[in-house]
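The structure appears below as structure tokens.
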Amino acid sequence: MGFLCGFSIWVFTICLVVQSGYGFYLPGSYPHKHLVGDTLSVKVNSLTSIDTEMPFSYYSLPFCKPPEGVKDSAENLGELLMGDRIENSPYRFKMHNNETDIFLCLTDPLSSDDFKLLKKRIDEMYQVNLILDNLPAIRYTKKEGFMLRWTGYPVGIKVQDFYYVFNHLKFNVLVHKYEETNVARVMGTGDAAEVIPTMGNEGSDVPGYMVVGFEVIPCSVMHNAKAVKNLKFNGKYPTPIKCDPNTVSMPIKEGEPIVFTYEVAFEESDIKWPSRWDAYLKMEGSKVHWFSILNSLMVITFLAGIVLVIFLRTVRRDLTRYEELDKEAQAQMNEELSGWKLVVGDVFRAPSNPALLCIMVGDGVQILGMAIVTILFAALGFMSPASRGTLITGMLFFYMILGVAAGYVAVRLWRTIGCGDHKGWVSVSWKAACFFPGIAFFILTTLNFLLWGSHSTGAIPFSLFVVLLLLWFCISVPLTMIGGYLGAKASHIEYPVRTNQIPREIPPQKYPSWLLVLGAGTLPFGTLFIELFFIMSSIWMGRVYYVFGFLFIVLILLVVVCAEVSLVLTYMHLCVEDWKWWWKSFFASGSVAIYIFLYSVNYLIFDLKSLSGPVSATLYLGYSLFMVTAIMLATGTVGFLSSFWFVHYLFSSVKLD
């Protein structure tokens with residue numbers, strides 16, 4: 001797309017939202033005007049469960065199928081990767097027409113396999129997910145005086161030794177009168193809007209409505225299968241149906257069919273189009289959420305401030321004291337050097353495995369850039385839950401584009417370590433393009449075989465695998481090679497001091513350096529762990545995550561703390577004459593990934609107690625491993641680059657012979 005055009009539209013849209021009380025919520029689709037009597041079609045998504053974390057197709061169970069056949073709805077890449085399979089359904093409504101006792105279908109007698117599968121899905125607490133006008137069906141339940149919100153409804157319920165299926169659905173569709181808008185009103189110009197007529201809207205006098213809410217109450221109702229044999233699809237059930245959500249009366253039995261029915265009522269609501277997602281975003285415990293994040297931000301900011309002040313004062317005192325001496329005193333001081341000044345001839349000595357370090361730093365820049373840009377766009381409202389799959393699609397897009405940055409940083413660092421030598425830049429670029437995607441491909445392919453074996457819709461289809469490989473090798477790899485070429489052409493960073501031919505011996509240390517490196521990850525983890533709980537709940541408990549503004553603040557704070565922690569640790573190592581700081585600066589901040597993985601295991605044991613089976617646990621741990629690998633590369637890169645800048649600055653400020 002044209003970037004200039006896209007950018008101008010983006011800026012204009014933001015202006016509309018910021019200035020306007022009438023501005024639409026960006027990510028939701030444009031309001032659909034439905035005239036009275038217009039057909040509304042309900043769609044179905046994959047069956048989901050927090051018990052197994054494996055989605056399955058809605059039509060894998062013996063539910064009613066639409067007369068025209070099952071058809072897939074348009075899906076984006078992100079939806080497919082998330083395991084969403086949106087299809088048409090037999091549920092049809094007429095706008096603003098209340099209907100009761102509607103017969104949907106009579107299934108075939110339950111076979112032994114269908115009967116066992118239905119019981120298994122009820123045991124595993126699978127939820128049916130319906131969608132109307134892009135709104136998921138929401139269900140309200142009361143517990144201990146509190147109103148709880150759920151998306152979807154259970155397939156059925158087990159009472160004693162009997163299994164009951166929810167075969168009657170009571171829908172409540174909230175609608176709001178369609179309001180025509182024009183540019184003046186959208187821009188919030190006040191009274192002037194009433195003067196400017198709306199041009200070219202023929203038929204605007206015809207009353208229309210927008211769908212602003214979609215509620216469902218599932219019931220288990222005993223139906224007479226013989227009485228509906230001759231009924232047609234969407235016909236009238238012969239007797240009135242009483243829907244009582246507190247009782248169940250339709251047990252499933254092998255060899256017997258199931259009758260499905262529904263009713264729908266339309267209710268005019270004061271909810272406006274921009275606010276129709278509010279019901280889904282009101283998470284329980286939101287006050288605790290805000291307080292916890294603010295508390296975490298204040299504590300970590302305070303700690304980071306103390307670390308920074310102490311650190312700057314220590315270094316500045318060393319430099320000031322040295323600069324105040326005359327030349328003779330400096331010469332004498334050079335003979336009595338101590339601490340970090342002793343390693344001047346070794347501090348820029350090439351690390352072990354320099355190519356691997358360059359590759360990991362390049363990939364870290366790519367992942368960190370993707371995270372910052374994606375979360376920023378999400379915070380501005382471009383990737384909200386209203387637009388399914390856009391978050392994953394956006395992440396893939398930004399990751400591929402930022403391959404240029406990965407290649408550039410990796411090759412330029414490679415040339416810096418090699419003192420300007422161009423040799424090997426193609427190899428470094430190629431490895432940077434394949435290192436993290438290769439790890440991701442290995443983990444996701446392994447998990448995909450488990451999902452394929454379980455016939456889950458969470459499995460990536462083979463055609464999508466081919467698409468992802470084409471995106472990798474036809475877009476990401478070439479862009480990374482271009483970045484590498486630019487890095488090879490750019491001048492390398494020159495060291496301020498010469499490196500001795502013979503390495504200096506590192507004196508014995510009181511404490512193992514790896515212990516300090518591992519311990520350093522606790523401070524960055526402190527910025528994350530509260531927000532991490534909400535993110536994990538969003539991924540694994542089916543809750544909607546939407547506070548991307550706070551997440552962006554936490555991310556920036558994490559970057560600052562990672563940089564500070566790595567700086568302090570590098571300075572400590574130099575002070576005890578340990579000049580091998582390259583890898584240690586990377587893992588000082590990158591070690592936060594270890595604590596995140598341990599937290600993931602803790603979350604699995606204590607918060608996902610219902611997770612059943614080795615396959616589900618393997619999927620959870622596999623995805624967690626993938627996540628912490630990306631975090632390790634991103635945070636490690638922040639630590640390394642900040643330490644590299646600091647060491648370069650430190651030894652540029654003091655001239656030592």
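The residues of the chain are indexed from 1 along the displayed sequence.
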Who are the side-chain contact (heavy atoms from CB on, under 4.5 Å) partners of [X], not counting sequence neighbours?
| X | value |
| --- | --- |
| N88 | P66, E68, V70, K71 |
| F626 | F436, A440, I443 |
| S463 | P461 |
| S269 | L174, V212, I271 |

What I'd like to find out is whether the side chain of [X] reaches to under 4.5 Å of the side chain of [Y], using heavy atoms alone.
| X | Y | value |
| --- | --- | --- |
| R121 | S49 | no |
| V175 | M210 | no |
| P437 | Y399 | yes |
| H176 | Y209 | no |
| L169 | Y91 | yes |

Atom CG of D270: over 12 foreign heavy atoms under 6.0 Å:
no
Parallel, tilted or perpendicular: which describes the rings of [X] and [Y], with under 30° parallel and over 60° perpendicular?
| X | Y | value |
| --- | --- | --- |
| F465 | F441 | perpendicular |
| F171 | Y262 | perpendicular |
| Y623 | W540 | tilted |

Side chain to side chain donor-acceptor pair (under 3.5 Å) involving [X] - partner list, sequence neighbours excluded:
| X | result |
| --- | --- |
| D123 | Y163 |
| N448 | none |
| W452 | none |
| Y153 | none |

Mind jotting down which residue pairs meet the disulfide bond (SG atoms under 2.5 Å apart) criterion with at least one end in residues 84-117? Sequence neighbours excluded, please.
C64-C105
Can you pull out every disulfide bond (SG atoms under 2.5 Å apart) where at least one residue sits in residues 215-271? Sequence neighbours excluded, please.
C219-C243
Pairs meeting criterion side-chain hydrogen bond (donor to acceptor under 3.5 Å, both in side chains) with involvement of residues 219-232, two or more places apart
H223-Y237, H223-T261
Please evaluate residues H32 and V211 with respect to the criterion side chain to side chain contact (heavy atoms under 4.5 Å, CB included), reporting the C-alpha separation (whole Å), side-chain torsions for both, the decisive distance (0.1 Å), and the verdict.
CA-CA 8 Å; H32 295 129; V211 176; over 6 Å; no
Inspect the contact between D101 and K242 and indicate whether a charged nitrogen and a carboxylate oxygen are less than 4.0 angstrom apart.
no
Looking at residues at least two apart in the chain, or sitting in another chain, which of them share a salt bridge (charged side-chain N to carboxylate O under 4.0 Å, His left out) with R139?
none
Ring centroid separation F398 to F377 under 6.0 Å
yes
